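All remarks here apply to the structure that follows.
Keep in mind that this is a model prediction, so the values were computed, not measured.
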Amino acid sequence: LIAGAKDERDPMVATIALDVDTHVITVLRSNSAAEASDVDTGADSDSSWIVWAQDHDGPDNTAAFDWTIYAFNRATQQLHVVSRATLADVSRRTATVELKPRLANGRVWWAATVTDSTGAKCTCTYSAAAAGGVPRLEAVDTLYPQPVPGAGSGPEGTTVYSECPDEAAT
């Protein structure tokens with residue numbers, strides 16, 4: 001995947017996948033002119049799917065406020081949105097650190113910082129079927145989920161390793 005814009009002279013016009021064996025480039029998603037300063041913050045793939053997170057805040061932000069996770073089906077060449085920041089969290093500028101979606105067992109896994117109606121923050125781990133569906137809250141106070149492919153004992157039948165955010169440990 002291309003990493004995104006480094007500045008206004010180098011706009012991000014699309015997210016692509018490059019097959020290093022065949023040198024074939026696949027355009028996964030073309031960006032609008034308004035998304036020229038977006039940055040892809042993390043990606044994962046398997047034989048069926050390519051998933052990535054796109055930060056709409058520009059290349060110089062240290063944490064994503066306005067983000068979207070996309071999934072691209074390799075077989076059908078179809079693209080869909082897995083999840084995105086809520087309008088409330090975007091307006092509150094709720095920062096999500098290192099948004100890096102991961103794939104395992106047909107699901108996309110990620111951690112995001114969200115706020116409730118009182119403005120209280122929680123960094124939570126979510127998952128959603130790569131083929132589409134409603135994201136599910138899997139765990140609270142967790143960062144950097146690392147799901148393990150294959151049968152497991154955790155949520156959705158998948159073993160998932162993660163870290164505890166600093167603020168949750170105190």
Side-chain angles (χ1 to χ4, degrees), residues 1-8 10-16 27-45 49-73 76-104 106-147 155-156 160 162-168:
L1 296 173
I2 67 169
K6 68 178 180 185
D7 61 34
E8 64 279 350
D10 183 24
M12 184 174 143
V13 296
T15 299
I16 64 168
V27 175
L28 305 176
R29 181 177 182 275
S30 296
N31 287 345
S32 69
E35 296 172 317
S37 64
D38 283 10
V39 177
D40 290 342
T41 62
D44 200 7
S45 65
W49 296 95
I50 300 172
V51 298
W52 71 96
Q54 191 163 326
D55 176 359
H56 307 295
D57 300 308
D60 296 326
N61 286 306
T62 57
F65 298 103
D66 185 8
W67 52 266
T68 305
I69 297 174
Y70 296 97
F72 181 85
N73 184 315
T76 66
Q77 308 283 294
Q78 297 297 306
L79 172 76
H80 69 270
V81 171
V82 174
S83 187
R84 61 175 30 116
T86 66
L87 293 176
D89 283 337
V90 172
S91 66
R92 288 183 185 117
R93 300 194 55 79
T94 303
T96 291
V97 180
E98 294 193 48
L99 188 63
K100 296 183 184 287
R102 296 292 176 246
L103 280 164
R107 295 189 74 79
V108 182
W109 298 79
W110 70 96
T113 303
V114 297
T115 56
D116 64 17
S117 59
T118 68
K121 294 181 185 178
C122 179
T123 300
C124 303
T125 292
Y126 298 88
S127 81
V134 176
R136 293 179 62 174
L137 173 64
E138 301 290 359
V140 297
D141 295 329
T142 55
L143 280 174
Y144 315 121
Q146 296 295 316
E156 315 302 329
V160 182
S162 63
E163 295 179 24
C164 180
D166 291 337
E167 60 270 9

**Study point:** Contacts of type side chain to side chain donor-acceptor pair (under 3.5 Å), residue Y144, not counting sequence neighbours
**Key:**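 None.
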Practice item. Name all residues meeting the side chain to side chain donor-acceptor pair (under 3.5 Å) criterion together with T86; count only those two or more places apart in sequence or in a different chain, and write none if there are none. Key: D89
Under the side chain to side chain contact (heavy atoms under 4.5 Å, CB included) test, which residues partner [X], sequence neighbours left out?
X	result
R84	T68, V81
S162	T142
A53	T41, I69, L99, P101
A112	W67, T96, W110, Y126

Exercise for review: Any chance you could lay out the side-chain contact (heavy atoms from CB on, under 4.5 Å) test for W49 and V108, step after step, and finish with the verdict?
Suggested key: CA-CA 10 Å; W49 296 95; V108 182; over 6 Å; no
Exercise for review: Begin from the C-alpha positions of Q77 and F72 and carry the test side-chain contact (heavy atoms from CB on, under 4.5 Å) through to its verdict.
Suggested key: CA-CA 6 Å; Q77 308 283 294; F72 181 85; 3.6 Å; yes
Exercise for review: Give, for atom OG1 of T15 and atom CG of L28, the distance between the pair rounded to the nearest 0.5 Å.
Suggested key: 6.5 Å
Point to revise | Approximate separation, where rounding is to 0.5 Å, of D44 CG and K100 NZ | key: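 One gets 11.0 Å once the value is rounded to the nearest 0.5 Å.
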Please report the shortest heavy-atom distance between [X] and [Y], naming the atom on each side.
X	Y	value
E138	S127	OE2-OG, 2.6 Å
A128	P135	CB-CA, 3.9 Å
W109	P147	CD1-CG, 3.6 Å
R102	P145	CG-O, 3.6 Å

Study note, to complete from the structure: Exactly one candidate in V114, L143, D141 meets side chain to side chain contact (heavy atoms under 4.5 Å, CB included) with T123; the answer is L143
**Study point:** Worked verdict on Y70 versus Q54 for side-chain contact (heavy atoms from CB on, under 4.5 Å)
**Key:** CA-CA 8 Å; Y70 296 97; Q54 191 163 326; 3.6 Å; yes
